[in-house]
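Chain identifiers are assigned alphabetically (A, B, ...) following the order of the sequence lines, protein sequences preceding nucleic acid strands; residue numbering begins at 1 within each chain. Quick caveat, the model's predicted, so the values are computed rather than measured.
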Number of protein chains: 2
Amino acid sequence: MTGIGKKKATIYDLSILSGASPSTVSAVLNGSWRKRRIKEATAQLIRQLANEHGYTANLQARGLRSSRSGLVGLLLPVHDNRYFSSMAQSFEAQVRSRGQCPLVVSACRDPEEERQVVETLISYSIDELFIAGATDPDGVHKVCEKAGLKHVNIDLPGTLAPSIISDNYEGARMLTQAIIERALEDGPLSPDDLYLFGGRNDHASHERIRGFRDVKRASLGADPDVCIQPTGYSPAMTARAFEAFYEDHGKLPRAFFVNSSINLEGLMRFLALHPHETFADIIVGCYDYDPFGSFLPFPVFMIRQDSDAMITKGFAILDADRRPPTTHLVRPSLVPPRTALIGPLDALKDIE
Amino acid sequence: MTGIGKKKATIYDLSILSGASPSTVSAVLNGSWRKRRIKEATAQLIRQLANEHGYTANLQARGLRSSRSGLVGLLLPVHDNRYFSSMAQSFEAQVRSRGQCPLVVSACRDPEEERQVVETLISYSIDELFIAGATDPDGVHKVCEKAGLKHVNIDLPGTLAPSIISDNYEGARMLTQAIIERALEDGPLSPDDLYLFGGRNDHASHERIRGFRDVKRASLGADPDVCIQPTGYSPAMTARAFEAFYEDHGKLPRAFFVNSSINLEGLMRFLALHPHETFADIIVGCYDYDPFGSFLPFPVFMIRQDSDAMITKGFAILDADRRPPTTHLVRPSLVPPRTALIGPLDALKDIE
DNA sequence: CTTTTTTGCACAATCGATGGTGCAATGACT
DNA sequence: AGTCATTGCACCATCGATTGTGCAAAAAAG
């Protein structure tokens, strides 16, 4: 009703307008007024004035006073990836439904950047922090602990804080199994025909590689080290690994396990430079789900990690305030080729 | 060095430790100390103490006092999409490099939610806001204006604030042209063979449809209304539209323009339910780039929108403080099938 | 050795909301 | 009428940093 471009109304403004004291106004507007035995009529009046003037609390002031901000942070390695952006989407929804404000930031897999970003978040007095896919979870943990900030690790575990991670071993087993079965349909598969690309020196990669090797050894009888090609988490490095293999062998492996959708992007870069015959018969497994990746012109088995469940569990742990740094496994699911799963987008209303 | 779990140090703590007054400490630590003629030695001492005790400013307090927070907001429709997540990635990088803190939130294309989210951001005294793909940019504008918050529209224009958008008309022309040329390689193309799916009643859709129709009419001589199928921005609705077409015609159109990668997901859902022959010969154009979408088992032309340039321009406009709500067009680029572009991920260091 | 100028800093108000404490007015009860 | 409990609210300190102002002490000028 009022001002255009004017300063925002404060409890002091409403205090003058209503004739009540600022603390009364505050109590009415933050809900603690019953406890303070404010008359219903007074509350009514103040609420009405607040509405008329479009009052909204200054959350910085509230946060300063109460040393809680209503902000919940999610630290991501990167945004630009379906796994993490889907996690961000779930995170936002859950934080909102708890009446808090989500703050999603990425730290580019740089340990120093991670710590610094978290320092910044702490300066805003965030209430809780989800650390997803951190390169150095324990480093971040220390920063949080010093500030007394509750936090959990998601996706990559730390040793010092509770962690919720995908059951990478089981997921990798499922995926490897699926790849092998599918490859056997086309004829016998030698151990040299099945490779793994991507990942690096982190817990998730280790577990996935372990699952891959266990199943491979059990099914194919052998598991040569050369078939494991950890390339880091970069499309460029992954593409180089495919390129190198191709140089050596004149073709790609018949079947392979790709550690993440980021690595799968590396495969795309390789494909862009080579004719279709190069990969007409390959069979791919990717430890991540991407709706378009699932429809590539060769069979792609994918693993869908349940990031929504991870976030839910994360809140449960934070709420329970369990201290021991336990690790919780969340089962992922296998997605056969040519599958379009519904995602968080489907929750949006789009009438038309 | 100090406390584990202790409260964070404040300027008052450092004031006691150093023997200087809080205001001196503040001045030293926020850089305004030269102006205040603080002795170099005093500054040294305070900085050292600050380091030792891991002091970081309480940004809520600072924000409260100075009514600036150092936060810059980006309002997104959704995270879970390469176009927007890539924009988030660029945004983060640019905000960081300006020494501010990015705050990325999504509002699910819900006008009410958009306004509410922005209200919340305003309560945190954010300094600037980028409004990307808002359903109701002018509604958001009013909220911002009332609070005196500087803002720009990205991707979808408003009439009341400066807007930076993709040159949708030109992009659509390029894309349509490319589809037609490619289709003609397989034989003559009738106007009934070229459809457009997706989009709704927004500026971007209008412009894209206009570009599509103009090129189509010029190239194919006609442009029946039935070939335009606005399905909204939802995979499910889009899938239904493909399904409906298929029911009627027993096949998909030979060639079609898909309004966004979200709509392209709808195509994936259709594909999942039908055999390969159904779409063996289709030619697709998608107004968005997705690295996996580019390698689907049929030719997919894509448009890559330059979100990084849009953000850059956005900051330029905010910095220049130009008031007139002008609209700036940013040229997108055409991406031929089977192309793996490098993206923000490639900026990450990943040594190994 | 004064007077003026400069240097170096302390003081105190302020941003907006919160919550403990105290106190007047009202009603209940003896 | 006097005592006591209850109701309804105002007052004030506080969170941590910023900033305008004032004032000694040191340095420069006379």
Side-chain angles (χ1 to χ4, degrees), chain A residues 6-46 50 53-71 120 122-127 147-148, chain B residues 6-46 50 53-71 120 122-127 147-148:
Chain A
K6 288 251 291 285
K7 310 294 294 180
K8 295 205 52 137
T10 71
I11 53 170
Y12 297 96
D13 302 330
L14 296 180
S15 153
I16 293 171
L17 289 168
S18 67
S21 77
S23 58
T24 298
V25 175
S26 169
V28 168
L29 296 173
N30 72 21
S32 68
W33 59 285
R34 285 224 164 280
K35 205 170 54 192
R36 279 180 163 272
R37 299 186 314 228
I38 309 286
K39 221 194 310 182
E40 177 66 44
T42 312
Q44 278 293 343
L45 171 65
I46 292 175
H53 293 264
Y55 170 84
T56 52
N58 180 322
L59 297 180
Q60 299 212 69
R62 173 178 294 169
L64 174 58
R65 181 58 233 253
S66 54
S67 61
R68 306 185 60 265
S69 62
L71 293 167
T120 305
I122 289 173
S123 300
Y124 285 108
S125 307
I126 63 169
D127 298 337
Chain B
K6 288 250 292 282
K7 311 294 294 179
K8 295 206 53 139
T10 71
I11 53 169
Y12 297 97
D13 302 330
L14 296 179
S15 153
I16 294 173
L17 289 168
S18 67
S21 77
S23 56
T24 299
V25 175
S26 170
V28 168
L29 296 173
N30 72 22
S32 68
W33 60 285
R34 284 223 163 280
K35 204 170 55 193
R36 282 181 162 271
R37 299 185 316 227
I38 308 287
K39 220 195 311 182
E40 177 67 45
T42 311
Q44 279 292 343
L45 171 65
I46 290 175
H53 294 264
Y55 170 86
T56 52
N58 180 323
L59 297 178
Q60 299 213 67
R62 171 178 297 171
L64 174 58
R65 181 58 232 255
S66 52
S67 61
R68 306 185 59 265
S69 63
L71 293 168
T120 305
I122 289 173
S123 300
Y124 285 108
S125 308
I126 63 169
D127 299 337

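Protein chain B touches strand DNA chain D; the 5'-most and 3'-most nucleotides with an atom under 4.0 angstrom of its non-hydrogen atoms are D/dG16 to D/dT21.
B/R34 pairs by the salt bridge (Lys or Arg N to Asp or Glu O under 4.0 Å) definition with B/E40, not counting sequence neighbours. Checked against side-chain contact (heavy atoms from CB on, under 4.5 Å), B/R62 has the following partners two or more places apart in sequence or in another chain: B/N30, B/A57, B/L59, B/S66. For B/I16, the side-chain contact (heavy atoms from CB on, under 4.5 Å) test picks out no residue, with sequence neighbours left out. For the salt bridge (Lys or Arg N to Asp or Glu O under 4.0 Å) test, residues two or more places apart in sequence or in another chain that qualify with B/D127 are B/R68. Not counting sequence neighbours, A/S67 has no partner by the side chain to side chain donor-acceptor pair (under 3.5 Å) test. Looking at residues two or more places apart in sequence or on another chain, you find no side chain to side chain donor-acceptor pair (under 3.5 Å) involving A/R36. In this view, B/T24 and B/S21 satisfy the side chain to side chain donor-acceptor pair (under 3.5 Å) rule, not counting sequence neighbours. Scored by the side chain to side chain donor-acceptor pair (under 3.5 Å) test, B/S125 finds A/Q60 as partners (sequence neighbours excluded).
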Short N/O separations, protein against nucleotides 7-12 of chain C, under 3.5 angstrom:
unit_1 : atom_1 : unit_2 : atom_2 : d
C/dG8  : N7     : B/R37  : NE     : 3.2
C/dG8  : N7     : B/R37  : NH2    : 2.9
C/dG8  : O6     : B/R37  : NH2    : 3.0
C/dC9  : OP1    : B/T42  : OG1    : 2.5
C/dC9  : OP2    : B/K39  : N      : 2.4
C/dC9  : OP2    : B/T42  : OG1    : 3.3
C/dA10 : OP1    : B/G19  : O      : 3.3
C/dA10 : OP1    : B/S21  : N      : 3.3
C/dA10 : OP2    : B/S21  : N      : 2.7
C/dA10 : OP2    : B/S21  : OG     : 2.8
C/dA10 : OP2    : B/T24  : OG1    : 2.6
C/dA10 : N6     : B/R36  : NH1    : 3.3
C/dC11 : N4     : B/S23  : OG     : 2.9

Sub-3.5 Å pairs of nitrogen or oxygen atoms, protein against nucleotides 25-29 of chain C:
none

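Rounded to 10°, the helix from C/dC1-D/dG30 to C/dT30-D/dA1 has 50° between the axis fitted to its first five pairs and the one fitted to its last five.
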